Structures are given as structure tokens and as C-alpha cells.
There are 2 protein chains.
Amino acid sequence: MALRNAVMAALLEGEASGYDLAKGFEASVANFWMATPQQLYRELERMEGEGLVRARVVQQERRPNKRLFSLTEAGRRVLRAYVAQGPSKPLAIRDELMVKVQCVDIGDTGDIEAVRAAVAERVERATAKLARYRRMQERMLAGRTEDEYLATADRVGPYLTLQGGMALERANLQWGETVLKRLAQRTAALGGGSARARA
Amino acid sequence: MALRNAVMAALLEGEASGYDLAKGFEASVANFWMATPQQLYRELERMEGEGLVRARVVQQERRPNKRLFSLTEAGRRVLRAYVAQGPSKPLAIRDELMVKVQCVDIGDTGDIEAVRAAVAERVERATAKLARYRRMQERMLAGRTEDEYLATADRVGPYLTLQGGMALERANLQWGETVLKRLAQRTAALGGGSARARA
DNA sequence: TTGCCATACTCAACAAAGTGAATAGAGTAC
DNA sequence: GTACTCTATTCACTTTGTTGAGTATGGCAA
């Protein structure tokens, strides 16, 4: 029952179909709450049943019809109550890459190489994501400075969460790069790339 | 089937009981993979059934007996295969606080205050966690420099994931502090603390 | 001396999340 | 002309995760 809050937060930006939400979660919420299409459709269905959202079918000519969901007043109230209420859960991360890094010493240099590749991939992703975030930021600012924007904008939430996403990706990037360096050093130290006895 | 990899990664540090794992997940793995005691006991049970871990009952005099689990050779192989195999899932975060920040514009200054308090709590937690990580780091280094440590240590995985945890908490902290500042500005701008018309 | 906290688990039930595939029309690239 | 991708959604199923309670012992503090 936590996904629904994320969905409602996304719908604050306006009407969206399940499909819209599924790809990119309306671009901003996805940065801190991931969900598969199925989860979203299912949750939207339930929420409609409970009157938190309302659906409107849009006929389309060259595409399948779609149902656009929007927040109802009841949904808005529930969301406000959620925001106002006490402490949130601490933040749940689940990072397979970190598990692999933790295991980097398990085998020979081949295992180190596998981990190195995985970290390199993460670094690339983080770089790409950061670039995307920066473009989003520029679009939001639209020439204004941050101070101007925050003083005049109707909504600052999406901007602040975008900042959060950027902070996270910067951390990822910085960490990944030092790990890459360290692993290269270690591979060199353990025999310059040739195999080594198994643990 | 992903929790088990995290559990095995934790057992790389040596024998542990379900209870040990439950509190702190052997101190390092918990930073990137959370699990409740029940999940861990259940998973350990299954893993024992599949021969990935082996249990050893330790009689205790003034406490309930405990079962210490350790990795079997089969478990080690499975773990190595996991590390070696292709791309990991991208990292799953689920952050309620971010959902609340996204919604900060939903209501009046009271809602902003609630979000502010939640962010302040996050900042405090991040500060505490960072301090704890730094102590762990010092214990690991034991007087050596980072370079010395990484060149001589048997295992570097736990150190590198600790760095990851620290990077994450620093990002949290830095983000949280700017958000706090921004929200204070906004509260001031929206009427200096007095109520304002609802959205 | 009562009650709470810590160790050390187990059980049952349920809610939420994730996987994989199916459906179906339109556009686009080879 | 066929294979692939995009829009848009649904179904069936499995795996995880969560909640709450129950059991048992000992230590510590008010």
C-alpha cells in the first residue's frame, strides 16, 4: 500500500495512463520508486475501486484506446494525510551490484574482472542518468536561476526530488570510479592479469 | 531468489546465526540489502535444504541454543556463478521520503512543515550512519592508509561496499541540507509561517 | 518482584511485488 | 512481406515481503 502513494504523487503532475506511468513513471517519480507495468495497472484498478483515482477512456484512432487516470478529491485527501503523518520508512535499497562487490574476493582475477565490468556498467548508466537529469533541470529552470525558480514556481517538489536523483547518481558515479581504480590496482597486484590459485 | 545471494555474501565473513544476520546483517551487507528476521530464517531454511549452507547447533548455557550457518562448497560455487554472470538488476530504491517531498506543494505551509520534519529526520539518520561507517572504516584500516590496506588485505569487498554506503549517506546528507534550506525559504515566502489558502 | 529488554528462534496468514506471456493494431526498417 | 518495435493493456502465477503473535531463558533496573 505504499506504491499507491507514489502513483498519486505522479498523478499530481496531471492525467496519465497506466502505460504513461509504466515508462518512466512520469519521468520524475521513477527516480525513487520503481514499479513494473503490471504493478501499476493492478494498483490503478484497486485505487479506482476505492475512489482515489478516476479513469477516463480516450478513444484513439491509430492506437489502442487508453484510460487516463487522474486524482480525485478523495485521493488528494488521502495523499495529504499520508504526507502529514509521522515517520516514513527509512529507505529501502536493494543493490545486486553491491552484493557482487562484496563478493569480489571470492575467486580469482576472473571474478574481479566480472565485478569490474558490472561496476563499469553502473558508472555508464549513472553518467547517462545524470545527463538526463541535467536536461530535465534545464527544462524546468527555463533560463531562470535556481533561486528565481524556487521563489516563483507553483510546485517545487519535482525539482527537489530531481535534485535528490542527481545527488544519488553523483554518489554512484564517484563511488564507481574509485572502485574501478581500486579493482584495476588489485588485478595488477594479484599477478598482472594472469590466473591465480582459487580461494 | 536474490536475498539468498546477499545472505551468502554475508556468510563470506564467517558463520552467523539467523539472529546475527537479522540485526545488522553482519553489519556490512545491511547497507545495501534490507531484510526482516522472518525473511532471513525462511531463506536460511530453504538454503539449507538446497545444500547452500550448513547449520551447526551451538549449545549455550544462559541463552537459547543457536544454529550457526556457514557457506558450503556448493553455496560458494553458486555465489561465484552469480558474481560471474551477466548484468545485474539496475538497483531498486523505494523512498517514502522522496514521495513526500514530491508532494510538498499539495497543501498549505503545514504540509511543508511536515515534509521539513521528515527531511530533518533523514539528515539526522544520515549523519549518524555516516559516523558509524567512519568508525567501521577506521577499525578496518587499523592505522594503515587506504592504499596499504587495499594492497595487503585478503578481502577488499567489504571495504568497497562500505565506501558505497558512505557515498550514499553523504549524498543524502548534502541533499537533505539543501532541501531544508529551500523549504525554509519557501515557508517564509508563503506567508512567514501563518496559514495560507488550500490548493 | 514485576516488568522490560536482549537473545534466539518458529509459525501462520496475508499483502505486495515480480515474472512471463498473451492480445492486438499500426508504424517502420530491411 | 516479414520481422520488429511501439502503444496499451490484461491474465495467471510465483516469489517476496510484512505483520503479529508465540515460546523460552536470563539479566537488569525500578
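Convention: sequence-line order gives letters A, B, ...; per-chain numbering from 1. No experiment lies behind these values; they were computed from the predicted model shown.
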Shoot me the first and last contacting nucleotide of DNA chain C against chain A, ordered 5' to 3', at under 4.0 angstrom to non-hydrogen atoms.
-> dA16(C) to dG27(C)

Pairs in or reaching into residues 48-57 of chain A: which pass side-chain hydrogen bond (donor to acceptor under 3.5 Å, both in side chains), with residues at least two apart or in two chains?
->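 Found R4(A)-E50(A), E15(A)-R56(A), E48(A)-R67(A).
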
W175(B) side chain to L160(A) backbone, donor-acceptor under 3.5 Å =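 It does hold such a pair.
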
Say whether, by atom type as modelled, one donor and one acceptor occur between the side chain of T72(A) and the main chain of G51(A) under 3.5 angstrom.
->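 Yes; at least one donor-acceptor contact below 3.5 Å.
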
For the student: nearest non-hydrogen atoms of P87(B) and E121(A), plus distance |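 Result for this residue pair: CB-OE1, 3.8 Å.
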
For the student: nearest non-hydrogen atoms of F69(B) and A55(B), plus distance = CE2-CB, 3.7 Å

Classify the nucleic acid contact of R67(B) as base, sugar-phosphate or nothing, counting any heavy atom under 4.0 Å across all strands shown.
->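 If one applies the 4.0 Å heavy-atom cut-off, R67(B) turns out to touch the sugar-phosphate alone, with no base involved.
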
Does Y41(A) place a side-chain N or O at less than 4.0 Å from the phosphate oxygens OP1/OP2 of dT10(D)?
-> no

Polar contact flag, side-chain donor to acceptor under 3.5 angstrom, Q163(A)-Y133(A) | no

Side chains of N65(B) and Q59(B): is there a donor and an acceptor less than 3.5 Å apart?
->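 Yes, side-chain donor-acceptor contact under 3.5 Å.
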
Separation of [X] atom [atom1] from [N] atom [atom2], in whole Å?
X      : N       : atom1 : atom2 : answer
Q39(A) : dT14(D) : CD    : C1'   : 14 Å
E50(B) : dT15(D) : CD    : C1'   : 13 Å
E45(B) : dG17(D) : CD    : C1'   : 18 Å
L44(B) : dG17(D) : CG    : P     : 14 Å
D20(A) : dT7(D)  : CG    : P     : 9 Å

For the helix from dT1(C)-dA30(D) to dC30(C)-dG1(D), measure the angle between the helix axis at one end and the axis at the other, each built from five pairs, rounding to 10°.
->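 Answer for the end axes of this duplex: 30°.
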
Cation-pi check, K66(A) to Y19(A): give yes when NZ or CZ is under 6.0 Å from the six-membered ring centre and within 45° of the ring axis, no otherwise.
->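 Cation-pi check for K66(A) and Y19(A): fails.
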
Which atoms of nucleotides 19-24 of chain D (N or O only) lie under 3.5 Å from a protein N or O atom, and what are those distances?
unit_1  : atom_1 : unit_2 : atom_2 : d
dG20(D) : O6     : Q38(B) : NE2    : 3.3

Select from R94(B) and N65(B) the residue whose nearest nucleotide in DNA chain C is closer to the 5' end of that strand.
-> N65(B)

Whichever of Y19(B) and R42(B) has its nearest DNA chain C nucleotide further upstream toward 5' = Y19(B)

Any salt bridge (charged side-chain N to carboxylate O under 4.0 Å, His left out) pairs touching residues 127-146 of chain B, not counting sequence neighbours?
->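 Matches after skipping sequence neighbours: R182(A)-E146(B), K129(B)-E169(B).
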
Sequence neighbours excluded, which residues qualify as salt bridge (Lys or Arg N to Asp or Glu O under 4.0 Å) partners of E124(B)?
->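 Checked E124(B) against salt bridge (Lys or Arg N to Asp or Glu O under 4.0 Å); zero matches.
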
Are E43(B) and R46(B) within salt-bridge range, i.e. N to O under 4.0 Å?
-> yes

